[in-house]
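Just the heavy atoms: all of them, side chains too, but no hydrogens, waters or symmetry mates, feed the values below.
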Amino acid sequence: MVEIFPELLLRGSVNQDVLERADMIRERGMQGICLVGMGGSSIAGEVSRALLQGETEIPVISVRDYRLPQAVNREWTVLVVSYSGNTEETLSAFDDARRRGAEIFAVTTGGRLAELVHQDEIIRLSSGLQPRAALPHMFSLEYTLLRRLTGLPEVDLSDVAAHLKRAREAWRDGKPISPQSITSALIDKIPLFVGWRHLAPVAYRAKCQVNENAKAPALYSEIPEFDHNEIEASGRYSASRIVPIFLRSHLEDERVALRIRATTEVMREEGADIVEIPSLGHDSLTETLAAILFCDEVSVDLADRLGVDATIVRRIERLKRILAGEG
Ligand code: F6R
């Protein structure tokens, strides 16, 4: 499923009814956009939110809980995302959105969520994937809708998909770095992914992928916040087998680049081994998607090396069964 990441970016489209409704909502105006989803179904929203931040004046918030913030009312647009369409917290937040009279869009393969929405509210996803592996598919549709809702020009993702294919070939030759070289540094260690701005959700995604694919502990943090707390713990990283992995960006300004250099200097003085993943794209969008693909590859390679099946998530499924009263 990671192999077809670039193809998934181009799979499917947002149907015309939905786009027309988005145009209508934009013309009328809205107070904000609220993104709802859990786990693998939240990441596309987190990534889109980070990318849109510098481009739109409309506030975009995200919710990973049963309830929506009180501020969300009929003047808001709520994008409810659940790959299965049956996630408890997501369905509860959906009910909340309905009760408040918000404009709703649902992104799903089916399930209960699909039964609860109208034709011009639903974006149908292809089924048969793990939700986390469907990220490029969900992202392309959500990002298209969000750009439309916020009045931003459409983005052609075929160039990005082509870049990803080329970049992946180059990574295999170690240019600029191979996913396998990162995995080697992670055996029996705990990665702490650190990202700045649009790469902060990528760091979070990488943590989740190591958890779900390799069934291994992983942490994440964001810089500059890292420098105001996390850095104090770096003296114990080596003893705790924690390896900080900094996701670097071409877009870092001088101050941010200096900050990251200073941060790693302080941590090295504390005995921490630090890994850096250089920028893998030329703008925020390609950099983001390339870093996600790169870290996805690290997570499945780690799963292979640890001898675990990356595709199944039996603990998540067991928990859902318990909560559904099925044992
Ligand atoms: C499984 C996965 C999970 C699910 C989450 C929510 O691949 O990534 O994190 O995404 O349990 O389920 P859905 O996506 O069906 O709403």
Side-chain angles (χ1 to χ4, degrees), residues 1-5 8 35-47 62-68 79-97 106-117 124-139 142 183 186-193 201-220 240-242 292 295-327:
M1 291 185 215
V2 173
E3 197 58 38
I4 58 167
F5 189 113
L8 284 178
L35 310 172
V36 177
M38 303 301 300
S41 288
S42 73
I43 308 286
E46 294 292 330
V47 169
S62 77
V63 170
R64 286 183 281 200
D65 197 0
Y66 287 89
R67 290 183 52 184
L68 301 181
L79 187 53
V80 183
V81 187
S82 170
Y83 190 78
S84 63
N86 291 321
T87 299
E88 178 178 313
E89 303 92 311
T90 313
L91 288 172
S92 160
F94 168 84
D95 282 346
D96 233 5
V107 181
T108 185
T109 55
R112 182 79 189 118
L113 184 57
E115 290 167 9
L116 296 169
V117 291
R124 279 256 182 209
L125 298 168
S126 315
S127 52
L129 297 161
Q130 278 287 334
R132 60 190 179 284
L135 169 78
H137 179 40
M138 292 197 246
F139 171 77
E142 282 181 57
T183 320
L186 296 186
I187 306 293
D188 292 328
K189 301 273 173 58
I190 300 172
L192 162 57
F193 295 97
V202 178
Y204 177 67
R205 157 77 170 181
K207 173 211 108 68
C208 297
Q209 288 291 76
V210 170
N211 296 153
E212 290 186 66
N213 291 339
K215 281 72 175 152
L219 304 164
Y220 98 102
S240 313
R241 296 179 294 109
I242 293 174
I292 292 176
C295 294
D296 278 10
E297 294 210 349
V298 170
S299 71
V300 290
D301 186 40
L302 187 60
D304 286 348
R305 294 217 215 167
L306 296 178
V308 299
D309 184 340
T311 59
I312 51 168
V313 281
R314 68 178 171 79
R315 295 163 192 90
I316 296 176
E317 281 158 12
R318 163 110 180 91
L319 180 81
K320 287 183 180 178
R321 279 198 303 277
I322 296 174
L323 289 171
E326 293 162 7

Donor on one side chain, acceptor on other, Gln130 and Tyr83, under 3.5 Å:
no
If you look at every heavy atom in Thr109 and Ser127, which pair is closest and at what distance?
CG2-CA, 3.8 Å
Nearest heavy-atom contact between Leu68 and Asp96 is N-OD2, 2.9 Å
By side chain to side chain donor-acceptor pair (under 3.5 Å), which residues pair with Lys215, not counting sequence neighbours?
none
Arg305 meets the side chain to side chain donor-acceptor pair (under 3.5 Å) criterion, sequence neighbours left out, with Ser184, Asp301
All ring pair (Phe, Tyr, Trp, His ring centres under 6.0 Å) counterparts of Phe5, not counting sequence neighbours:
none
For the residue pair Ala44 and Leu135, what are the closest heavy atoms and their distance?
N-CD1, 3.4 Å
Under the side chain to side chain donor-acceptor pair (under 3.5 Å) rule, collect the residues that match up with Ser299, sequence neighbours excluded.
Asn213
Glu212: what forms a salt bridge (Lys or Arg N to Asp or Glu O under 4.0 Å) with it, not counting sequence neighbours?
Arg132
Identify, with sequence neighbours excluded, every residue that meets side chain to side chain contact (heavy atoms under 4.5 Å, CB included) alongside Ile322.
Arg318
Looking at side-chain heavy atoms only, is the closest gap between Leu91 and Val80 below 4.5 Å?
no
Taking the side chain as everything from C-beta on, heavy atoms only, tell me whether Cys295 gets closer than 4.5 Å to Gln209.
no
Nearest 0.5 Å please: distance from the NZ atom of Lys207 over to the CD1 atom of Ile190.
11.5 Å
List for me each residue that meets side chain to side chain contact (heavy atoms under 4.5 Å, CB included) alongside Ala203, sequence neighbours excluded, and say none if there are none.
Phe193, Tyr220, Leu247
Taking side chain to side chain contact (heavy atoms under 4.5 Å, CB included) as the test, write out the residues that go with Thr87, two or more places apart.
Met38, Ser82, Ser84, Glu89, Thr90, Lys320
In short, Arg124 meets Gly110 closest at the heavy-atom pair NH1-CA, 3.6 Å
Please assess Leu8 against Leu129 for the test side-chain contact (heavy atoms from CB on, under 4.5 Å), listing each intermediate value before the final yes or no.
CA-CA 10 Å; Leu8 284 178; Leu129 297 161; 3.9 Å; yes
With sequence neighbours left out, write down each residue that passes side chain to side chain donor-acceptor pair (under 3.5 Å) with Glu115, or none if nothing qualifies.
Arg112
Within a strict 4.5 Å, meaning less than it, do heavy atoms of the Ile43 and Tyr204 side chains meet?
yes
Minimal non-hydrogen separation, Ala214 against Val308, with atom names:
O-CG2, 3.5 Å
Only counting residues at least two apart or in another chain, list the ones meeting ring pair (Phe, Tyr, Trp, His ring centres under 6.0 Å) with Phe94.
none
Would Leu35 and Val81 satisfy side-chain contact (heavy atoms from CB on, under 4.5 Å), going step by step from the backbone distance to the final call?
CA-CA 8 Å; Leu35 310 172; Val81 187; over 6 Å; no
Minimum heavy-atom separation for Ser126 and His137, please, with both atom names.
N-NE2, 2.9 Å
Taking atom CG of Leu125 and atom OG1 of Thr108, what is their separation to the nearest 0.5 Å?
6.5 Å
How long is the gap from OG on Ser240 to CG on Leu192, to the nearest 0.5 Å?
11.0 Å
Suppose we screen for side chain to side chain contact (heavy atoms under 4.5 Å, CB included). Which residues come up paired with Thr311, at least two apart in sequence or across chains?
Asp309
Cation-pi check for Phe139 against Arg205: NZ or CZ below 6.0 Å from the six-membered ring centre and within 45 degrees of the axis, yes or no?
no
